[in-house]
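Let me begin by presenting the structure, written as structure tokens, before commenting on it.
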2 protein chains.
Amino acid sequence: MPTPSMEDYIEQIYILIEEKGYARVSDIAEALSVHPSSVTKMVQKLDKDEYLVYEKYRGLVLTTKGKKIGKRLVFRHDLLEQFLKTIGVKEENIYNDVEGIEHHLSWDSIDRIGDLVQFFEEDQNRIDALKDIQKQFFEEDQNRIDPIKEVQELKEQE
Amino acid sequence: MPTPSMEDYIEQIYILIEEKGYARVSDIAEALSVHPSSVTKMVQKLDKDEYLVYEKYRGLVLTTKGKKIGKRLVFRHDLLEQFLKTIGVKEENIYNDVEGIEHHLSWDSIDRIGDLVQFFEEDQNRIDALKDIQKQFFEEDQNRIDPIKEVQELKEQE
DNA sequence: ACTAAAAGTTTACTATAGAAAAAATAGAGT
DNA sequence: ACTCTATTTTTTCTATAGTAAACTTTTAGT
């Protein structure tokens with residue numbers, strides 16, 4: 001089984017190849033915000049585990065196995081983004097959260113989240129009902145004592 | 001900010017103290033399935049960062065800061081368990097999945113998931129409607145070609 | 001109070017993942 | 001074909017988190 005970090009690389013390589021036809025070390029490094037030396041190391045491991053074929057200094061191509069897994073990883077990532085968006089998570093938090101959790105959910109959970117997204121897509125009333133609950137909680141929060149001090153305290157602690 | 005691993009320890013220590021009044025090194029090691037030597041090392045770091053006061057060979061107590069954070073971590077863990085349970089994730093996957101993702105979600109996402117749990121709790125019809133979608137997908141899956149071979153192939157690849 | 005067993009700690013080691021700097025290679029322009 | 005520059009690789013280093021084994025302290029039973 002690939003480690004979380006290996007999955008990040010496979011996913012990103014898949015996306016790059018889809019988008020521009022190839023994935024060079026520097027492209028991958030750029031996309032994942034890591035140094036090229038880290039990419040080289042990981043790519044050597046991915047070759048050894050047969051997710052891709054790597055020829056040093058020349059480039060790499062995904063194997064059948066690598067492509068199949070890459071496709072599923074991208075699907076999972078997109079689904080999780082859609083899920084968080086649907087339930088109203090702020091755009092600025094979505095990418096990091098998905099990045100953090102995507103490698104840690106069973107396919108059972110992913111499938112159930114897929115159902116859930118479908119559930120909301122099918123009927124706008126459901127989204128509206130959820131928004132109502134959020135508004136209601138928001139109004140309750142407004143009536144708390146010392147909200148600013150609370151937030152500051154919590155930030156200091158973490 | 002505490003690392004994921006630190007959070008695991010704080011959360012578990014909080015639970016142990018809540019349950020039996022104290023948390024010894026061996027209790028923590030047992031609960032987290034790590035060796036006592038790992039616990040000692042982490043507890044020293046948590047003392048240094050003032051989540052708890054640690055006296056070697058004697059024991060430890062959470063500071064105010066440690067207690068406040070521990071409480072929130074337990075709340076978050078429980079909420080995520082409830083969320084996965086609500087959407088129909090199998091019991092056997094829930095613990096691992098929560099363990100995997102709990103340290104990687106923003107409080108914004110946690111709050112939105114809280115709203116979502118409330119949304120389903122408020123009205124059993126919503127849960128029923130979700131179950132209908134799941135049944136529908138399940139029936140579609142039944143009509144696929146070669147499902148057993150598919151599953152085997154995917155398992156080999158990971 | 002003594003001593004054996006249980007509990008806890010220290011030290012030296014493992015693996016993963018990433019970074020920095022130095023070395024190697026490839027490819028473009030002449 | 002040559003050489004310069006950009007890209008890539010190697011090597012050495014970092015940090016986190018965990019383990020194994022040797023060591024120390026505490027505690028319970030006599």
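These numbers come from a predicted model, not from an experiment. Order of the sequence lines sets the chain letters (A, B, ...), proteins ahead of strands, with each chain counted from 1.
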*Partner set under side chain to side chain donor-acceptor pair (under 3.5 Å) for A:D49, not counting sequence neighbours*: none

*Residues two or more places apart in sequence or in another chain: which of them pass side chain to side chain donor-acceptor pair (under 3.5 Å) with A:K20?*
A:D27

Contacts of type ring-ring contact (aromatic ring centres under 6.0 Å, His included), residue [X], not counting sequence neighbours:
| X | result |
| --- | --- |
| B:Y57 | none |
| A:H103 | none |
| B:Y95 | B:H77 |

Quick test: give all pairs of protein nitrogen or oxygen and nucleotides 22-28 of chain D nitrogen or oxygen below 3.5 Å, distance rounded to 0.1 Å.
none

*asked:* Contact list please: residues 32-47 of chain A against DNA chain D, heavy atoms, distance less than 4.0 Å, in numerical order.
replied: A:P36, A:S37, A:T40, A:Q44

*List the steps and the verdict of side chain to side chain contact (heavy atoms under 4.5 Å, CB included) for B:L60 and B:V25.*
CA-CA 9 Å; B:L60 53 90; B:V25 168; 5.5 Å; no

*Select one nucleotide: of D:dT16, C:dA17, C:dA7, the one nearest the side-chain heavy atoms of B:S26.*
C:dA7

Whole-Å distance between [N] [atom2] and [X] [atom1]?
| X | N | atom1 | atom2 | value |
| --- | --- | --- | --- | --- |
| B:M6 | D:dG18 | CE | P | 12 Å |
| A:R24 | C:dA26 | CZ | P | 15 Å |
| B:Y22 | C:dG8 | OH | P | 10 Å |
| A:H103 | C:dT16 | NE2 | C1' | 14 Å |
| A:M1 | C:dT16 | CE | C1' | 17 Å |
| B:D8 | D:dA17 | CG | C1' | 11 Å |
| B:Q12 | D:dA17 | CD | C1' | 17 Å |

_Going by the rule salt bridge (Lys or Arg N to Asp or Glu O under 4.0 Å), which residues pair with B:K85 if we only count those two or more places apart in sequence or in a different chain?_
B:E91

Listed pairs under 3.5 Å, donor-acceptor, residues 113-126 of chain B side chains, sequence neighbours left out:
| from | atom 1 | to | atom 2 | distance (Å) |
| --- | --- | --- | --- | --- |
| B:D115 | OD2 | A:Q134 | NE2 | 3.4 |
| B:D115 | OD2 | B:R112 | NE | 2.9 |
| B:D115 | OD2 | B:R112 | NH2 | 3.2 |
| B:Q118 | NE2 | B:E122 | OE2 | 3.3 |
| B:E121 | OE2 | B:Q82 | NE2 | 2.6 |
| B:D123 | OD1 | B:N125 | N | 2.9 |
| B:D123 | OD1 | B:N125 | ND2 | 3.4 |
| B:Q124 | NE2 | B:D128 | OD1 | 3.1 |
| B:R126 | NH1 | B:F119 | O | 2.9 |

